[in-house]
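Protein chains get the first letters and strands the later ones, always in sequence-line order, with residue 1 at the start of each. Heavy-atom basis, side chains included; hydrogens, waters and symmetry copies ignored. Just so it is clear, the structure is predicted and the values come from calculations on it, not from any experiment.
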2 protein chains.
Amino acid sequence: MDSTVTIKDVAALAGVSVGTTSRVLSGNPSTSPAARERVHAAVAELGYRPDARARSLRSARSQTVGLLISDVRNPFFADVAHGAEQAALRSSYVTLLANANEDPKQQDTYLESFLTQRVDGIIIAPQGEESAHLRALATTVPLVFVDRTVDGFEVPSVTSDNALGIDQAVAHLADRGHTRIGYIGGPRSISTGRARHDAFVRAVARHRLDTDPGLITSGDFRSASGAVAAERLLSGAQPPTALLAADSPMAVGALGALRRRGLRIGSDVDLVAFDDIEWFSELDPPLTVVSHDAQAMGSTAMRLLLDVIEGRTPESVVLPTRLVVRESSGGARRQA
Amino acid sequence: MDSTVTIKDVAALAGVSVGTTSRVLSGNPSTSPAARERVHAAVAELGYRPDARARSLRSARSQTVGLLISDVRNPFFADVAHGAEQAALRSSYVTLLANANEDPKQQDTYLESFLTQRVDGIIIAPQGEESAHLRALATTVPLVFVDRTVDGFEVPSVTSDNALGIDQAVAHLADRGHTRIGYIGGPRSISTGRARHDAFVRAVARHRLDTDPGLITSGDFRSASGAVAAERLLSGAQPPTALLAADSPMAVGALGALRRRGLRIGSDVDLVAFDDIEWFSELDPPLTVVSHDAQAMGSTAMRLLLDVIEGRTPESVVLPTRLVVRESSGGARRQA
DNA sequence: TTGTAGGCGTTATCAG
DNA sequence: CTGATAACGCCTACAA
């Protein structure tokens, strides 16, 4: 039940010194073909696996990066994680994926753990505002923000063009003749929550739509809160004719609320979601979305992080969004 | 940009030896209150964080477990991961989450990496059949299977009662008067694929339903394959009146195929999915599912793994399934 | 090209 | 209760 075959065993079996063995294994050119062959044979025979801990202890590089996302169960972040992980793998880094679960305390727990594991760098979709913890982190280890940012941090980030996305959605709904759009936003403590909210307010004004503050609600980026918010919007005296949800889980919640009220999506009420999720196109009706490429976001973040780790100072990246019109806001509207 | 404050610095500042410092830090009772206080003060002042690598190198325990799931983007596995992770945290273990992406090669890459990181144990939802790699693994490090198993391995596992679940679904559909049920199964190379398939065949026979082999298709547990399979089933000469999908992504694929054919779910064709996903109840119509508790599966697997790590020999666990009837198979059926 | 030896940060042993 | 000191497994000068 234990392997404990060390480099010494390999050296002994190969009949060379540990130094030579180490050199062969790390691809040091100063090795004879004969030595290489014998070492590799010994490695294979013993099933030797170098100890990453010892190696990184000695060489001060762990070839490990931490990825802290806010909610694994949100498909958007699952895609981000997937993209980041694949990119890391290509550069032979191992990704430690941790799930903050939209909880600042768990976020801190895992950051602590990353530090303790001496990861070479961290990608994080930060939870809250300015935290002393995060502040300290930024000066300790290479750091990159993904999807979200925190004000006042000089940290490279990969984000979506939130303003553009919201704009595309509002313009589209305005085109369809809506004047009362209900907005289901995220928390103001999260940068994407703020950016999307502010963009919505501006877009509504620009398109001269109804600025009734009762049309603006907010949730916590999770599905239950989307249902609650939609319910609130729809139960008003003068309900909106279209709903815009600031992320996909809340859109799903809204979906349920609409169905429970017997409202037909795409005719009674239009629905648009920020975030595209694979199965949104399989729904009935398929959902109109502001799409951004989650996997690209993840892989880009990883690229930036590796840049930082290697001493470069990469620029932040803002990824474009794209409006994908589907039937949830594409069919014939029913008369009010 | 580097912390590099070691236990020596702490010891120096506290005015005690590293030995004492180490004892204080690891909660060894043989320490004086005075020493404890000074050490803790020094730790706080220096912002010292023990080096997990060095610690585990010396103590032969990394307090780290590897969790290898087959597809992060499948919400079922995201839930499993979440459950496992939370359980680990409670026992102060760190979880390395890796994503095999339904690809045996990536599975091996990550297993290799786990071994190299000297994790204390591994939870895996295995991909393929008997692999030499896995075989070697089982004798090297504590191992637990989750969701899936591999034949011929004496490894504790946590699985669902697949036969029960399929039975519940088929019985329900038979009750509703269906005689031709189309089955969208998973690959035979995966244990759940086999178990659910075999259970389906048995259940169909037991309920004296149509055993037409053309009613049985299979995909790869991902959504695109579900759409293809549904399409094939529905385009036959005598299409089924109900569809049973062996996992949720494939059910989503089937959903899209049905919509594209203009078939109404729950009246034209009934649809039942194995796996419950939070938002399945928000769909229109809400989906009937064979539900099993993914989070419980994850946390149970972690419990078993920690048992193995601590030298116990836990029994495998089979979790029950539960049929949740919703409108996708709960409304009035349309006459054929 | 190869071997030897010191040290990365910790914990464990063994005297005091 | 505390302080030295020897490992843990590996890499990397330095010498040969």
Separation of D/dC11 P from A/R61 CZ (nearest whole Å): 14 Å
Stepwise side-chain contact (heavy atoms from CB on, under 4.5 Å) test for A/L46 and A/V43: CA-CA 5 Å; A/L46 295 169; A/V43 165; over 6 Å; no
Interatomic distance where CD belongs to A/Q63 and P belongs to D/dC11 [whole Å]: 12 Å
Listed partners of B/T20 passing side chain to side chain donor-acceptor pair (under 3.5 Å), at least two apart: B/S17
DNA chain C-proximal residues of residues 20-36 of chain B, any heavy atom under 4.0 Å: B/S22, B/R23
For atom CD1 of B/I7 and atom P of D/dG3, their distance in whole Å: 12 Å
With sequence neighbours excluded, residues passing salt bridge (charged side-chain N to carboxylate O under 4.0 Å, His left out) with A/E310: A/R312
Under 3.5 Å: donor-acceptor pair, side chain of A/H82, backbone of A/A78: no
Rounded interatomic separation in angstrom, taking CG from A/L57 and C1' from D/dA7: 13 Å
Side chain to side chain donor-acceptor pair (under 3.5 Å) involving B/D120 - partner list, sequence neighbours excluded: B/S62
Distance in angstrom units between A/R55 CZ and D/dC8 C1', rounded: 16 Å
Minimum heavy-atom distance A/S70-A/Q127, with the two atoms named: CB-NE2, 3.2 Å
Side-chain heavy atoms of A/R55 within contact of A/R61, under 4.5 Å: no
Contact boundaries on DNA chain C for chain A, cut-off under 4.0 Å to non-hydrogen atoms: C/dT1 to C/dG9
Estimated bend of the helix from C/dT1-D/dA16 to C/dG16-D/dC1 (axis per five terminal pairs, rounded to 10 degrees): 40°
NZ/NE/NH1/NH2 to OD/OE distance under 4.0 Å, B/D51 and B/R53: yes
hbond_proxy A/R58 side chain to D/dC11 base (donor-acceptor, 3.5 Å cutoff): yes
Heavy-atom check, side chain of A/V80 versus side chain of A/Q295, under 4.5 Å: no
Rounded interatomic separation in angstrom, taking CG from A/D51 and P from D/dA7: 18 Å
Heavy-atom side-chain proximity of B/T300 to B/R303 below 4.5 angstrom: yes
Heavy atoms of other groups near B/E112 CD, more than 12 under 6.0 Å: yes
